[in-house]
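Have a look at the structure below before the remarks.
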Protein chains: 2
Amino acid sequence: MKIGELAQAAQCTVETVRYYEKEGLLPPPARTPANFRQYGTGHVERLRFIRNCRALDMSQEEIRRLLALADQPALGCGAVNEVFDQHIAHVDERIRELEQLKQALGSMRRRCQSEQAVDSCGILHAIAEMESEPRHDRHTHL
Amino acid sequence: MKIGELAQAAQCTVETVRYYEKEGLLPPPARTPANFRQYGTGHVERLRFIRNCRALDMSQEEIRRLLALADQPALGCGAVNEVFDQHIAHVDERIRELEQLKQALGSMRRRCQSEQAVDSCGILHAIAEMESEPRHDRHTHL
DNA sequence: TGACACCCTGAAGCTACTATAGGGTCAACA
DNA sequence: TGTTGACCCTATAGTAGCTTCAGGGTGTCA
């Protein structure tokens with residue numbers, strides 16, 4: 001099958017397919033005499049796997065690890081579970097961060113109930129009065 | 001004050017300061033004869049405001065809107081509240097998305113309790129069996 | 001005079017793609 | 001036979017919000 005069919009089978013665009021090939025997630029397929037990419041069912045499975053991982057918000061790096069593990073049938077799946085558990089932990093952590101953020105935003109929002117001049121807007125004052133802290137870099141991609 | 005002092009006052013790097021200038025969030029300051037940037041207290045306030053907004057996970061676009069509103073003291077703060085409320089809504093929505101994701105990941109995780117060969121790993125099978133859906137693009141930056 | 005901390009510009013790198021430009025291939029139809 | 005249209009190709013640049021790097025200049029102290 002050609003790249004357009006493959007893309008449709010995995011519900012993504014042809015650009016994404018070519019991108020995954022360039023990134024080494026999808027192996028380069030055979031070519032027709034006219035230099036068109038030619039794919040088989042193995043490619044469909046692999047691409048769908050990648051897209052499903054992305055739908056679960058995994059990073060390219062996590063997917064790369066999963067694929068490498070899946071490619072070695074001799075292995076046990078302990079390492080797979082580990083990658084998965086780490087991903088779940090990332091999601092949990094991001095939820096906690098956002099819940100905290102929501103609290104902070106809510107209490108700032110309550111400082112401006114009525115419409116007033118911007119100079120005396122409680123929200124703008126609340127922002128200005130925050131303690132500037134060095135930005136803690138995110139350890140997740142979510 | 002020079003760029004290094006300004007950066008320290010707002011707990012960010014000098015590169016970030018120069019970046020904000022290039023993006024138009026921070027107005028270009030005067031220069032010394034040696035072409036060094038020279039800042040005053042107004043710059044400190046504005047930079048701290050920007051960094052505090054970023055600490056609240058606002059996008060550059062949201063910050064740009066807030067600054068434009070704050071720069072017009074004649075205005076009422078209704079528009080400010082609107083930007084803020086929209087941001088809160090973004091956070092809420094992202095939390096809901098991640099909660100859903102967490103549910104999905106949890107039920108997949110339960111399909112592989114014991115260590116086994118990767119071929120029969122419940123997690124890998126669960127991923128492979130997912131319905132590939134076209135990716136819905138995120139309407140928030142979070 | 002040298003060492004060192006600080007400043008300057010411009011360009012490239014990060015993630016996961018998307019979009020664009022400028023071209024080639026192939027089957028069908030007039 | 002020519003041409004239209006759907007598809008394919010490569011290479012490059014753009015997105016957000018910075019960070020890092022290369023290759024220089026400036027200012028102060030010993």
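No experiment lies behind these values; they were computed from the predicted model shown. Throughout, a chain's letter reflects where its sequence line sits, starting with A, and its residues are numbered from 1.
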Distance-only polar pair, side chains of B/Tyr20 and B/Arg51, donor-acceptor under 3.5 Å: yes
Length of the line joining A/Asn35:CG and D/dT10:C1', which is rounded to integer Å: 9 Å
Sugar-phosphate only, base, or nothing, as touched by B/Arg51 at under 4.0 Å among non-hydrogen atoms: sugar-phosphate
Touch class at under 4.0 angstrom, heavy-atom based, for A/Arg18 against every strand present: base
N or O in side chain of B/Arg37 less than 4.0 angstrom from C/dT9 OP1/OP2: yes
Side-chain donor-acceptor pair present, A/Gln60, A/Arg64, cut-off under 3.5 Å: yes
Over 12 foreign heavy atoms within 6.0 Å of CD, B/Glu45: no
Any B/Tyr20 side-chain N or O less than 4.0 Å from OP1/OP2 of D/dG17: no
Interatomic distance, B/Lys2 NZ vs D/dG27 P [rounded to whole Å]: 8 Å
Same cluster (ILVMFWY, side-chain, under 4.5 Å), B/Phe36 and B/Leu6: no
Proximal nucleotide (of D/dT10, D/dG27, C/dT20) relative to the B/Phe36 side chain: D/dG27
C/dT15 OP1/OP2 closer than 4.0 Å to side-chain N/O of A/Ser59: no
Closest to the B/Arg135 side chain, choosing from D/dT19, C/dC17, C/dC7: C/dC17
Whole-Å distance separating the CD atom of B/Glu23 from the P atom of D/dG14: 13 Å
A/Gln8 atom CD: more than 12 heavy-atom contacts under 6.0 Å: no
Euclidean distance, atom CG of residue B/Leu142 to atom P of D/dG17 [Å, nearest integer]: 10 Å
Distance, rounded to the nearest Å, where B/His141 contributes NE2 and D/dG17 contributes C1': 11 Å
Selection from D/dT20, C/dC17, D/dG17 that lies nearest to any side-chain heavy atom of B/Glu15: D/dT20
A/Ile63 or A/Thr32, whichever maps to the more 5' nucleotide of DNA chain C: A/Ile63
Parallel, tilted or perpendicular: rings of B/His141 and B/His87 (30°, 60°): parallel
Nearest-angstrom distance from the residue atom CD of B/Gln8 to P of C/dC7: 10 Å
Sugar-phosphate only, base, or nothing, as touched by A/Thr13 at under 4.0 Å among non-hydrogen atoms: sugar-phosphate
Protein-nucleotide distance (A/Arg54, atom CZ; C/dT15, atom C1'), rounded to Å: 8 Å
Sugar-phosphate only, base, or nothing, as touched by B/Gln60 at under 4.0 Å among non-hydrogen atoms: sugar-phosphate
Shortest side-chain distance from A/Ala34, nucleotide among C/dC7, C/dT18, C/dC26: C/dC26
Rounded distance (Å) that lies between atom C1' of C/dG13 and atom OH of B/Tyr19: 14 Å
Under 4.0 angstrom between B/Arg31 side-chain N/O and C/dT9 OP1 or OP2: yes
Closest-nucleotide 5' rank along DNA chain D - winner of A/Val14 and A/Lys22: A/Val14
